Structures are given as C-alpha cells and as structure tokens.
Amino acid sequence: MSYIVGGATLADKAEFKECLRLTWSQPYILQLVFSAGIGGLLFGYDTGVISGALLYIRDDFTAVEKSTVLRETIVSMAVAGAIVGAGFGGWMNDKFGRKPSILIADALFLAGALIMALAPTPFVIIIGRIFVGLGVGMASMTAPLYISEASPARIRGALVSTNGLLITGGQFMAYLINLAFTKVKGTWRWMLGIAGLPAFIQFILMCMLPESPRWLYRQDRKEEAEAILRKIYPAAEVEEEIDSLRRSIEHEKQLEGSIGEQSLVGKLTKALSSKVVRRGLMAGVIAQVAQQFVGINTVMYYSPTIVQLAGFASNNTAMALSLITSGLNAIGSIVSMFFVDRAGRRHLMIISLVGIVLWLAVLGGTFLGAAHHAPPVSDLETRVFANQTCPEYSPSARWNCMNCLKAQSTCGFCAHGGDKLLPGACLAAGEASRRTCHAGNREFYTEGCPNNFGWLALVALGAYIVSYSPGMGTVPWIVNSEIYPLRFRGVCGGIAAVANWVSNLIVTQTFLSLTKALGTSATFFLFCAVSFFALVVVFFTVPETKGLQFEEVEKMLGEKDYKPWKRYRPDVSSKGRDIGLSIRYSA
C-alpha cells in the first residue's frame, strides 16, 4: 500500500524490489522520474539554503542585522509565495497539464535565483524569494503528480517516494553548499544563485519529455497517451494498463458528476454538509497545523541561528553543526517508511509529540541556564574599544552578555581573549566592531552568549529532530491521503495543505521576533506548551487508519458513536469484503 507524504508517497519493501527490476528493463521510466524529481531537489534546497545564507546577508546589510522582522520577511516570503504557487499550480495542472506547470516552476526558480544572486538591497532579495516561493509551491504539487501519473501502478509508491527523498536530500545538499561557499567572495550570492543551475537542467530535460499520459487521456488525446504508455510498460502489459487507465478516468468522471457542483465553493459546501467529511477534515487540518506549530521550520529555516543562540559565534561552525539536523531529518524520513505500517499512524504521531514536548523543554531549560550564567560586561574590557562601545552601555550598569545583546541599538558581545566565560566588552554591532574584536583573537557574539551549555542544546536539537521526523514529519500527510472520501479528496486535501503552508508562514515570520521579545528560552518553552496542547488535541481528534481500506475509513467516520481515541477493527461479516462490513470498537 502506498501513502502520500507532502506530495510524496511511502512504499513497502516489495514495491522497492519490483521498482529495481522494472526500471532496469524499462530505463525510460527512470528518465521520467528523475527529470521531474529535480523539482523535489529544488524544493528541499531552497528550504535549507536560506538558513545559512541569512547569516551572511545579515553581515552584509546593516538593516538586516538590526531588524529581526526584515530577517523573518526574507525567510517567510518564500513560504508566502509557495501558498500562492500551490493554489495557482493546481489550476495550471488541470488547465494546461503537468509538463507546462513544471516548466513554469523552473522559470520561476531560475528568475528568483538570479534576482537574489544579483540583489543590491534586502528588498530585492525579498522579491527573489517570492519568485522562488512561487516555484516551490508549484513544484511541491506538480512533481509528485507527474511522477505518479507516469509510473507503472505496481511501483508507483516506490517511484514517488524518490521525490520525498530528494526533498530531504536537497535540504542536506543546501547545508553542504552553504559550507562550501563560506570562504568564497560573495558567499550568500553563490548560495542562493546556485539553485538556478538544477532549475535550468530540469527545464532542458522536461522539454524533451512528454506530458502525463493520464492528463492527455482526460483531454481525449488518447493516441498520444497510449504512445507514452507503450514506452513505460512492457509490451505484454500495455493493453491491460490502457484499459485500466480508461476505467479509472471514467470512474473519476462519475465521482465528479456525483458531486453535482463544479465550482470550488459548490464542492466545498457539499463536502462540509457531510458528517464524514467534517470529521475527516478536522483530523486532517489539526494534524497539518500541529506539524508546523511544534516549531520544525524554526529549526529548518533558522538552524545555524539557533546554533549561534546556543553560544557558537562562528558562522562556519554554526553551519557545520547544522548539517547534523539536516542529516537526521533525512534519516528520519527513511525510518518512517519502515515503521508507519507497523506502529500505526496515530501511535507514531503521539510518540513523536511526546518526544517533541520533552526535548523542547530541555532546549528551553538549556537556554535558560545559559542566560543565567552569561559572562559579565567589564568596563575595563570595554574601554579597550572606546570608539566602538555600545551607545546604551554605562559603566555604572551591571550588565552581562544578555543585557548587551538585548540593547535597543543592536550591540554585540566581544568575549575575553583568554577565556570566553570571563568578563568581556559590549560593542556596537557592525562589521568594524567584528573585525576589531577578531583582531584580538576574540569571538564576537550577536545572537547568543558564550556558555558551557551549548553541547546540551545541540543534543536536544538533534533529539528533537529524531522525535519529529519519523512521526510528525511524515504521518500528517499520510493521514490526509487516507481520511477523506475519494469524491472530496481534492478539495479537502487542498484545504489541509493550505492550512499547513499558512501555519508554516506564521511560525517563520514570528520566530526571531519571539526570541527578541520573550527571550530564547521562553520561546522554546512556548513551543513546548503548544506541542503539549497539540498532543492533547491530536489524541482526541485523529483516528487510527492503519490497515483500513478507504471505504472502511469512510464508514468509521460515519458511525454514531465514533470516538477517535478508540481503535476500530473491521469485521468481514461474509466472504467478500464488499458484501458486508461492520465495525467493532475496542479500547
């Protein structure tokens, strides 16, 4: 059985074995899949690259260093663009086909990458981020759809899984490329601009590939669709697959006709009039919103910044350590493939949320301890940098490093040259102060303070990722692929996806502001509290769908005494599953 995960699908081991056999005999399939899969790579790359590039954008533009809102906007505008791109991409897919949608996504990626690489001001970077976000949104919908419709049915799950793996692979590649360009002139320009290369390659490859055979068949371009299917399937299977495609599309059209209304508002009104859809939609949207509100994208978008908040001043060190989080996220996605059918969706989500709550509490406690043990600001040390002293600092004030970093005029802490935990100097933030501090073999801190707790923060961060990735990272998408009636799956899935993107936007646009307003420890404690609330809500609203057919899920949601926290076991009351079905409830 296959499951959709953020546009990707999880497959079992038998599917992967069959995939290797069939793609070896039909190499054209791999050409289709990996050409379209570059969209997943770009999606992941853009998600990961901004985390490292932001450190150097901040160093190059004083306005960015002084404004957390501007930094958040640079990050979150790609998410805002993705919301629009996903909606526009859905219309494009239906109206003009999958191939043109991928080509347009590539053009947007390429335009955005070039705009960012050549940007003279932060405002132009934001424009480039919007273009890239539009491409991300379109790619997130279209790439897995194209792969799914151009794949043989029995290995579809395994092939679409490659898109999900390419997304996490793209995130990991982004951290590696960030690290590679740290010593190159124009650091962040190369980091952001390099995304244009795979977008250009995919554009060329897609120009040489056909449209989705399923889309062509729906447009009554049956001869073109059949010609493509003959390249994908072995000769002995082609006629059977053509007949299967015909029956599938006829069934799809019948379902669409049963809805009665063709407008989005009409479909939505009819969907919400159904108790089954309302219950399924509540579970699906809650799972998607919880996925974002546990704070994952604060880690993926701001990982190097969080490492600096933990007391590691160097940009290079912050990005090198951030590779760990990206690697653990990729590993967790693979682990999920093997456990989601054994442990069950609901169990995995609950176990994942328990771990998330625990490790967010540890992170909050770690940052609280670091703040309480921040080294003092010494008047003697500060006098050494007389012309660069923080404007708000007064020798009569008993400041420590945290007071220095919270100064309204944006200041940084220049650590003691011998021991970073000894009293240091509070200087006005800027490139001149940073160079002067470094000239004395000192570290210059602008995000977090030197401390002995940094290693614990990194362990907690890694454990948080390990808890998140196999459960909350993948399961909400699986639940959303299984919990809606087939005739309403498109509109309900779209609502849940938009809820996910909007939640993502809220988190990314507020994280740095929260750390400034509340403090780093209080921000993580806030995410911890939200995650605990999510645990409670998920426990009482999201049912287990493991092992249930789509019809069984629909029947389960329609029961009078439906309780999501109870386990549902289908009883086949006659020989055929389709002849009689009753649902048994057990604790």
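All values below were derived from every heavy atom in this structure, side-chain atoms included, with hydrogens, water molecules and symmetry-related copies excluded. Since the model is a prediction, treat every value here as computed from it, not as a measurement.
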Considering all heavy atoms, the nearest [X]-[Y] contact:
X      : Y      : answer
Thr182 : Leu179 : OG1-O, 2.9 Å
Met191 : Ala53  : SD-CA, 3.7 Å
Ala36  : Tyr146 : CB-CD2, 3.6 Å
Thr68  : Ser513 : OG1-OG, 3.8 Å
Tyr464 : Val294 : OH-O, 2.9 Å
Pro470 : Leu348 : O-CD1, 3.8 Å

How long is the span from the [atom1] atom in [X] to the [atom2] atom in [Y], to the nearest 0.5 Å?
X      : Y      : atom1 : atom2 : answer
Gln219 : Phe96  : CD    : CZ    : 11.0 Å
Thr508 : Gln292 : OG1   : CD    : 8.5 Å
Asn178 : Leu55  : CG    : CG    : 8.5 Å
Ile104 : Phe109 : CD1   : CZ    : 13.5 Å
Ile50  : Met116 : CD1   : CE    : 7.0 Å
Leu229 : Ile242 : CG    : CD1   : 5.5 Å

Checklist entry - Does the side chain of Ser35 come under 3.5 Å of the side chain of Gln202 through a donor N or O and an acceptor N or O? => result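 Judged by distance alone, the side chains do not pair up.
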
Using modelled atom types and a 3.5 Å cut-off, is there a donor and acceptor pairing between side-chain atoms of [X] and backbone atoms of [Y]?
X      : Y      : result
Arg345 : Val479 : no
Thr187 : Tyr56  : no
Thr298 : Gly295 : yes
Ser469 : Val466 : no
Glu72  : Leu512 : yes
Arg98  : Asn93  : yes
Arg189 : Ala117 : yes
Ser67  : Leu70  : yes
Lys99  : Ser212 : no
Gln291 : Asn500 : no

Would you check if [X] and [Y] make a side-chain contact, meaning some heavy-atom pair closer than 4.5 Å?
X      : Y      : value
Leu281 : Tyr484 : yes
Val542 : Pro476 : no
Arg221 : Glu224 : yes
Val75  : Leu54  : yes
Trp501 : Val79  : yes
Pro100 : Glu211 : yes
Ile324 : Leu328 : yes
Arg129 : Asp46  : yes

Next on the checklist: Once you measure the plane-to-plane angle for Phe511 and Phe527, does it fall in the parallel (<30°), tilted (30-60°) or perpendicular (>60°) bin?
Outcome noted: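 Rings of Phe511 and Phe527: tilted, as their planes differ by 30° to 60°.
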
Next on the checklist: The test is side-chain contact (heavy atoms from CB on, under 4.5 Å); show your working for Tyr45 and Gln171 and say whether it passes.
Outcome noted: CA-CA 5 Å; Tyr45 182 84; Gln171 291 171 340; over 6 Å; no

Item to check | Trace of the side-chain contact (heavy atoms from CB on, under 4.5 Å) decision for Leu192 with Val49 | outcome: CA-CA 7 Å; Leu192 298 175; Val49 72; 3.9 Å; yes

Checklist entry - For Phe61 and Ile125, what are the C-alpha separation, side-chain angles and deciding distance, and is it a side-chain contact (heavy atoms from CB on, under 4.5 Å)? => result CA-CA 11 Å; Phe61 297 106; Ile125 297 175; 4.0 Å; yes

Next on the checklist: Please evaluate residues Cys207 and Leu103 with respect to the criterion side-chain contact (heavy atoms from CB on, under 4.5 Å), reporting the C-alpha separation (whole Å), side-chain torsions for both, the decisive distance (0.1 Å), and the verdict.
Outcome noted: CA-CA 8 Å; Cys207 285; Leu103 292 173; 4.1 Å; yes

